[in-house]
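Here is the structure we will look at, set down as structure tokens.
Here is how names work: the chains are called A, B, and so on, in the same order as the sequence lines, proteins then strands, and each is numbered from 1.
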Amino acid sequence: MHWADYTAQRLIERGGRQVSASGITPSGDFHIGHLREILSAEMIHRACIDAGIESKYIFIVDSMDPLRRVYDFLSPEYKRYIGHPLAYIPAPDPDGKPGEGGNTYAEHFLDPFLKALGEIGVNPEVVMNHETYESGGFAEFIDSAITRKEEIGGIIQDIAGRDLGEDWFPYNPIGSDGSMDGVIVTGYERPFVHWTDSHGIDGKSDIRKAEGKMPWRIDWAARWAIHGITCEPAGKDHGAAGGSYDTGIPICRLLGGNPPDKIVYEWIQLKGMGPMSSSSGLTIGPMEALSLVPPEILRYVIARSKINRHIEFDTGGALFRTADEYERLVSNPTLVDEGMTKRQLVAAQTQVGAIRLSQVEPGSDPRKSIGGVSFSHLSMLAQIKSSDEDVWGSLNRSGHIQGEPSNSLVVRLARMRNWIGGAHFPIDAKIEIKKRISDEARVNIDMDGRKFLSSLSSLLSECEWSDEGINAAIVNACESAGIPIGSGYSSLYWVLIGRSYGPKASSLISEMDREGVLSLLGSA
RNA sequence: GGGCCUGUAGCUUAGUCAGGUAGAGCGCCGGGCUUUUAACCCGGUGGCCGGGGGUUCGAAUCCCCUCAGGCCCGCCA
């Protein structure tokens, strides 16, 4: 059984209406790792619906979280906003300076992410956490947290092993300058929390408004209660012993809620493309990933892996394998039949589940999502045929498609061309026409091969410059050199791409200009 | 120091929660498609399930120990 279906079964035992949730702080660009947070929860939500129980999926944006520091992509002007909620500070402009556009920091990073989510079929109910504060949604929980401050502090000290200082208070008010940093609580008279800020100014915050927020561990526990969340997969950082999941559960109960069961997912790591990490400033964003691969493949990357396993996101060769695997599984579905051993049965069901959950449109027929061509084959055609029409023609001739290409295939080719043109395309999948013959090639071409190449050279100088004309020239040159066709092709590939085999040589050559081919052959 | 995850064929892995003769894909090897699209089709090779012990009629699966890798423990998906 697929992990999402398994979790749905557990939720059915829990009973009632299911609410799956994700929460992300929009402190900077969203990256591919955030997609796992979102999709883990969304797939469980879908599995609940498929199992016939009522479920919704909400995406809580931590827009009330303060700016922690001036990140690399921000200009020093942001120093004055440290400690301010992300919902109340201006978005950075292209230079990293506070913009004049009127949109907020939180929106600035959130909007493109939501657009990407739409493309992969995720349409959450978006909750801006600062709005929940503004509307007083947190008020009664803030009040109980303050009332039961000692108990909550005790939970955090015991379970997290953290030493909470004298000034610790389960509510961080916003001071006179808009920052939560350095504000010390001096008293509480419902609904007001009294404080003295870092400038020595006294004031009070109304807990029914967004004039402060609860610290993360309590905020999280309270929102479970507020939204009735029954399922919220969290990253392994929260899942560690003594992490916020462990403290959240008892705190949520204390606040009168019924917390979700702990579900922890592993992280996505980036690999196979050189210096690609947050620290070096190069990450892969959801939009960038979507410009390379179709959305169902991106979903499949998450769906095919167990939730507690690392995923190495590799935009190189591994993506080929994953995409080809997807194509293959859809066009040749795993059959679940009687004769299987229990083991095989479970494996088949898991695979079927992964494909089902990878569909952009829930419940749609997976066969509509494929192009009918493997990624590796398409990448080859895209490289040797500059015109899309020629690609469709070739696919028709090879029997991959009949007639016009499907819409998903058209999109696949466009994305494939992006991928090929970008930095992430794997080197060993790249078809690179040699400028001049390599030394390795020289070694691999014998006397007969040379004879064939020189004969080919003269035939090519006058043949019709088309697939057919060039192919005929190759065949004729083999005959006149008295060598088998196979070895002729092999010599030709050595000259063209430095290997003994390759994509259809006549197609490759017809994409090149005659002079270039002749001078390359001449160098042999 | 505390904790989590992972270790199965050359590679990527399924199967571990519900113990019952190790599955798959890629790669590789061979064959087919009689002028080879890195396509496609057929067949084959390949694993003392990290190691040790225990429970059991039976262990990749449960328990204990151990080795290796990754990660978390202010904030971070």
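- The side chain of A:Asn308 contributes an N or O atom lying less than 4.0 Å from OP1 or OP2 of B:U6.
- RNA chain B is contacted by both A:Ala160 and A:Gly488; A:Gly488 maps to the nucleotide lying nearer its 5′ end (nearest heavy atom per residue).
- Between A:Lys306 and A:Glu266, none of the side-chain N atoms (NZ, or NE/NH1/NH2) sits under 4.0 Å from a carboxylate O, so this pair counts as no salt bridge.
- Looking at heavy-atom distances under 4.0 Å, A:Ser376 makes no contact with the nucleic acid at all.
- Residue A:Ser394 places a side-chain atom within donor-acceptor reach of the base of B:U37, judged by atom type and a 3.5 Å distance cut-off alone.
- Within the 4.0 angstrom heavy-atom criterion, base atoms lie near A:Ile431.
- Rounded to a whole angstrom, the distance from the P atom of B:G51 to that of B:G7 is 13 Å.
- Separation of the C1' atoms belonging to B:U8 and B:U16 is 11 Å when rounded to the nearest angstrom.
- Aromatic ring centres of A:His130 and A:Tyr88: separated by under 6.0 Å.
- Protein atom CG of A:Leu496 is 14 Å distant from nucleotide atom C1' of B:A38, rounded to whole Å.
- Aromatic ring centroids of A:His84 and A:Tyr81 lie under 6.0 Å apart.
- B:G53 and B:C42: their C1' atoms are spaced 47 Å apart (whole Å).
- B:G15 sits 15 Å from B:U21 when the C1' atoms are compared, rounded to a whole Å.
- Counting only residues at least two apart or in different chains, salt bridge (charged side-chain N to carboxylate O under 4.0 Å, His left out) contacts with residues 58-71 of chain A comprise A:Asp62-A:Arg223, A:Asp65-A:Lys213.
- Look at CH2 on A:Trp267: it is 12 Å from C1' on B:C73, rounded to the nearest Å.
- Ion pairing of A:Arg299 with A:Glu296 is absent here, as no side-chain N (NZ or NE/NH1/NH2) approaches a carboxylate O to less than 4.0 Å.
- Counting only heavy atoms from C-beta on, A:Ser374 has its side chain closest to B:A39 among B:A39, B:G70, B:C76.
- Under a cutoff of 6.0 Å and an axis angle of 45°, A:Arg10 and A:Tyr6 form a cation-pi pair.
- Across the P atoms, B:G30 and B:G46 are found 16 Å apart, a figure rounded to whole Å.
- Residues A:His400 and A:Trp392 keep their aromatic ring centres 6.0 Å or farther apart.
- B:C49 and B:A22 have their C1' atoms separated by 8 Å, given to the nearest Å.
- Between the CG atom of A:Asp246 and the C1' atom of B:C73 there is a distance of 11 Å, given to the nearest Å.
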Kindly express the pairing pattern of RNA chain B in dot-bracket notation, using | wherever a base pairs with another strand and counting only Watson-Crick or G-U pairs under 3.5 Å.
(((((((..((((......[..)))).(((((.......))))).....(((((..]....))))))))))))....
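- Among B:C5, B:A39, B:C75, the nucleotide with an atom closest to any side-chain atom of A:His310 is B:C5.
- One can place NZ of A:Lys504 at 16 Å from P of B:C40, the figure rounded to the nearest angstrom.
- Residue contacts for A:Gly33: at a heavy-atom cut-off of 4.0 Å it reaches a base atom on one of the strands shown.
- Here the side chain of A:Arg46 pairs no donor or acceptor atom with the backbone of A:Ala41 at under 3.5 angstrom.
- Following rounding to the nearest Å, A:Leu395 (CG) and B:C40 (P) show an atom-to-atom distance of 12 Å.
- Note on A:Arg36: nothing from the nucleic acid sits closer than 4.0 angstrom, heavy atoms only.
- Taking the six-membered ring for Trp and thresholds of 30 and 60 degrees, A:Tyr245 and A:Trp224 have ring planes inclined between 30 and 60 degrees apart.
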Under 3.5 Å, which donor-acceptor pairs link side chains of residues 471-478 of chain A to any protein atom two or more places apart or in another chain?
from     : atom 1 : to       : atom 2 : distance (Å)
A:Asn471 : OD1    : A:Tyr489 : OH     : 2.7
A:Asn476 : ND2    : A:Ala472 : O      : 3.2

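- Legend: residues meeting side-chain contact (heavy atoms from CB on, under 4.5 Å) with A:Ala8, ordered by chain and number and at least two apart, are A:Ala47, A:Cys48.
- Note on A:Glu325 versus A:Arg321: no salt bridge recorded, every NZ/NE/NH1/NH2 to OD/OE distance being 4.0 Å or above.
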Quick one: which protein N/O atoms are closer than 3.5 Å to N/O atoms of nucleotides 24-29 of chain B? Pair and distance per line, please.
from  : atom 1 : to       : atom 2 : distance (Å)
B:G25 : O3'    : A:Arg328 : NH1    : 3.4
B:G25 : O2'    : A:Arg328 : NH1    : 3.3
B:G25 : O2'    : A:Arg328 : NH2    : 2.9

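- Using a 4.0 Å cut-off between a side-chain N of Lys or Arg and a carboxylate O of Asp or Glu, A:Glu327 and A:Arg412 qualify as a salt bridge.
- For the P atoms, the distance linking B:G19 with B:C40 amounts to 40 Å, nearest Å.
- Nucleotides of RNA chain B nearest to A:Thr25 and A:Met380 differ in position, and the one nearer the 5' end is that of A:Met380.
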Side chain to side chain contact (heavy atoms under 4.5 Å, CB included) between A:Leu395 and A:His377, worked out:
CA-CA 10 Å; A:Leu395 288 172; A:His377 187 46; 4.0 Å; yes
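- What separates CG of A:Leu381 from C1' of B:C40 is a distance of 13 Å, to the nearest Å.
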Starting at the 5' end of nucleotides 14-23 of chain B, put B wherever the base has a protein heavy atom under 4.0 Å, S where only the sugar-phosphate does, and a dash everywhere else.
SSBB--SSS-
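- Rounded to whole Å, the C1' atom of B:G52 lies 15 Å from the corresponding atom of B:A60.
- Atom P of nucleotide B:U35 and atom CG of A:Leu459 are separated by 18 Å, given to the nearest angstrom.
- Rounded to an integer number of Å, the gap from CG of A:Asn471 to P of B:U34 is 14 Å.
- Residue A:Ser27 is out of contact with every strand shown, counting any heavy-atom pair closer than 4.0 Å.
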